[in-house]
Amino acid sequence: MAYEPPTHRVERSLRAITGARIVAGVDEVGRGAWAGPVTVCAAVTGLRRPPEGLTDSKLLTPARRVALAEVLGGWVTSHALGHASPQEIDALGMTAALRLAAVRALEALPERPDAVILDGKHDYLGAPWQVRTVIKGDLSCVAVAAASVIAKVHRDAMLAELGREHPAFGFDSNAGYPSPVHRAALEEQGPTAHHRLSWAYLDQLPRWRHLKLPPHREAPGRESLEDAGQLGFF
C-alpha cells in the first residue's frame with residue numbers, strides 16, 4: 001500500500017510563525033510494552049529532501065527500518081535519544097516518564113531546538129519547550145518520521161540484547177511488548193528486572209501478583225497514558 005511521503009509543511013509553518021531556527025521532531029517507542037524502557041528520539045533535519053521511503057516506522061518491515069536508520073544517521077542534521085527506565089515509569093507514571101525521556105533527548109542535541117514537533121495530540125513536554133503537536137506526525141512530518149525510525153530501531157536492538165539474558169521472553173521478536181511467548185514466560189518465570197511492575201498484566205499472574213507495585217496516579221483531569229500499556233493477551 002502506497003503512502004504519501006512526509007513533508008516539511010509543519011516545520012515551515014513553525015519557522016514562519018515563531019521565527020524558530022532549529023526545529024526538532026520528537027517521537028517515542030515502548031509506551032505500550034510490558035518490559036524495557038520508553039525511548040524518545042529528537043531529530044533535527046533542516047529542510048532537505050528526505051531519504052526515499054521515509055515514513056512512520058510502524059509501516060516498515062524490520063529489515064527496511066534498520067537499513068533506513070543507517071541512512072538517517074548520516075542524513076539528519078543531528079539526533080539524540082533519551083530513555084526512561086521501567087523503574088522510572090513505575091515511580092513517575094507514563095506521562096512524566098515520557099517527558100523525562102524526551103527532555104533527556106532534547107537536551108542531548110548539540111543545539112537546543114527553538115521549537116518541537118511532537119507526535120500525537122497530547123503535549124507531554126510543556127513549558128519551557130515551544131511545542132506543536134501533530135496527530136500522525138510520524139507519517140506526515142519529515143523530522144518526526146526520522147525520529148520514529150531511529151527510536152524504533154535503537155530500542156529494538158536494546159531489547160534484543162536483553163533477550164540474550166532472558167531468551168524465554170522472546171524480546172528479540174516482541175521488543176518487550178505483549179505476545180503469547182512473553183506471556184508464557186511471565187507465567188513460568190515471573191517478571192525480570194526489566195519489567196514494569198505497576199502494570200495490570202501482573203493482576204493475571206497469580207504466582208507473581210504479590211510483586212505488583214501501586215500504579216502511579218495521574219493528576220486529576222489529565223489523560224492517563226498508562227492505559228495504553230494495560231491491554232494484552234490475558
Side-chain angles (χ1 to χ4, degrees), residues 27-41 56-66 69 81-102 104-105 119-120 122 124 138 148-218 222-234:
D27 199 17
E28 55 78 20
V29 64
R31 187 169 70 185
W34 287 343
V38 63
T39 296
V40 173
C41 180
D56 174 8
S57 66
K58 296 185 290 295
L59 303 178
L60 300 170
T61 65
R64 180 58 184 146
R65 276 198 300 265
V66 170
L81 291 145
H83 311 278
S85 69
Q87 293 74 28
E88 289 171 327
I89 294 169
D90 286 335
L92 302 173
M94 183 53 76
T95 302
L98 276 171
R99 186 178 194 278
L100 181 63
R104 285 169 173 167
D119 181 52
H122 298 288
Y124 56 77
D138 48 9
S148 167
V149 172
I150 295 170
K152 174 65 174 168
V153 170
H154 184 86
R155 186 181 181 278
D156 281 359
M158 290 176 63
L159 268 292
E161 185 66 27
L162 293 180
R164 296 178 185 177
E165 303 172 21
H166 308 281
F169 289 85
F171 290 157
D172 58 334
S173 59
N174 61 44
Y177 284 85
S179 76
V181 168
H182 195 168
R183 172 187 175 177
L186 279 167
E187 288 181 324
E188 178 63 27
Q189 300 184 22
T192 70
H194 308 293
H195 280 85
R196 302 166 189 184
L197 298 183
S198 59
W199 284 32
Y201 70 84
L202 279 172
D203 293 333
Q204 307 302 321
L205 299 172
R207 289 178 61 192
W208 312 106
R209 195 178 295 153
H210 64 285
L211 299 176
K212 187 179 178 184
L213 300 174
H216 178 88
R217 298 300 179 188
E218 296 289 330
R222 295 191 64 180
E223 180 186 38
S224 175
L225 297 184
E226 282 90 337
D227 293 344
Q230 300 305 304
L231 303 180
F233 290 81
F234 295 107

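This structure is a prediction, so every number in the text was calculated from the model and none was measured.
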Query raised in the report: Side chains of S148 and D138: do they bring a donor and an acceptor to under 3.5 Å?
Result: no
At what distance, to the nearest 0.5 angstrom, does [atom1] of [X] lie from [atom2] of [Y]?
X	Y	atom1	atom2	value
R183	Y201	CZ	OH	14.0 Å
R31	T95	CZ	OG1	8.5 Å
L202	H195	CG	NE2	8.5 Å
L81	H154	CG	NE2	5.0 Å
L205	L211	CG	CG	9.5 Å
N174	L159	CG	CG	7.5 Å

Taking [Y]'s backbone N and O only, do any of them form a donor-acceptor pair with [X]'s side chain (distance below 3.5 Å, no angle check)?
X	Y	value
D119	D27	no
Y177	A35	no
W208	P191	no
Q87	A193	yes
R196	P86	no
H182	G170	no
R65	S57	yes

Query - 4.5 Å side-chain heavy-atom contact, M158 and H83 - result: yes
How close do [X] and [Y] get, heavy atom to heavy atom, and via which atoms?
X	Y	value
A97	A84	O-CB, 3.4 Å
I89	G36	CD1-O, 4.4 Å
W199	A33	CZ3-O, 3.1 Å
A168	V181	O-CG1, 3.4 Å
G32	P178	O-CD, 3.8 Å
A102	V40	CA-CG1, 3.6 Å

Query - side chain to side chain contact (heavy atoms under 4.5 Å, CB included) assessment of H166 paired with Q189 - result: CA-CA 10 Å; H166 308 281; Q189 300 184 22; 5.6 Å; no
Query raised in the report: Going through the distances and angles, do L162 and F169 end up as a side chain to side chain contact (heavy atoms under 4.5 Å, CB included)?
Result: CA-CA 10 Å; L162 293 180; F169 289 85; over 6 Å; no
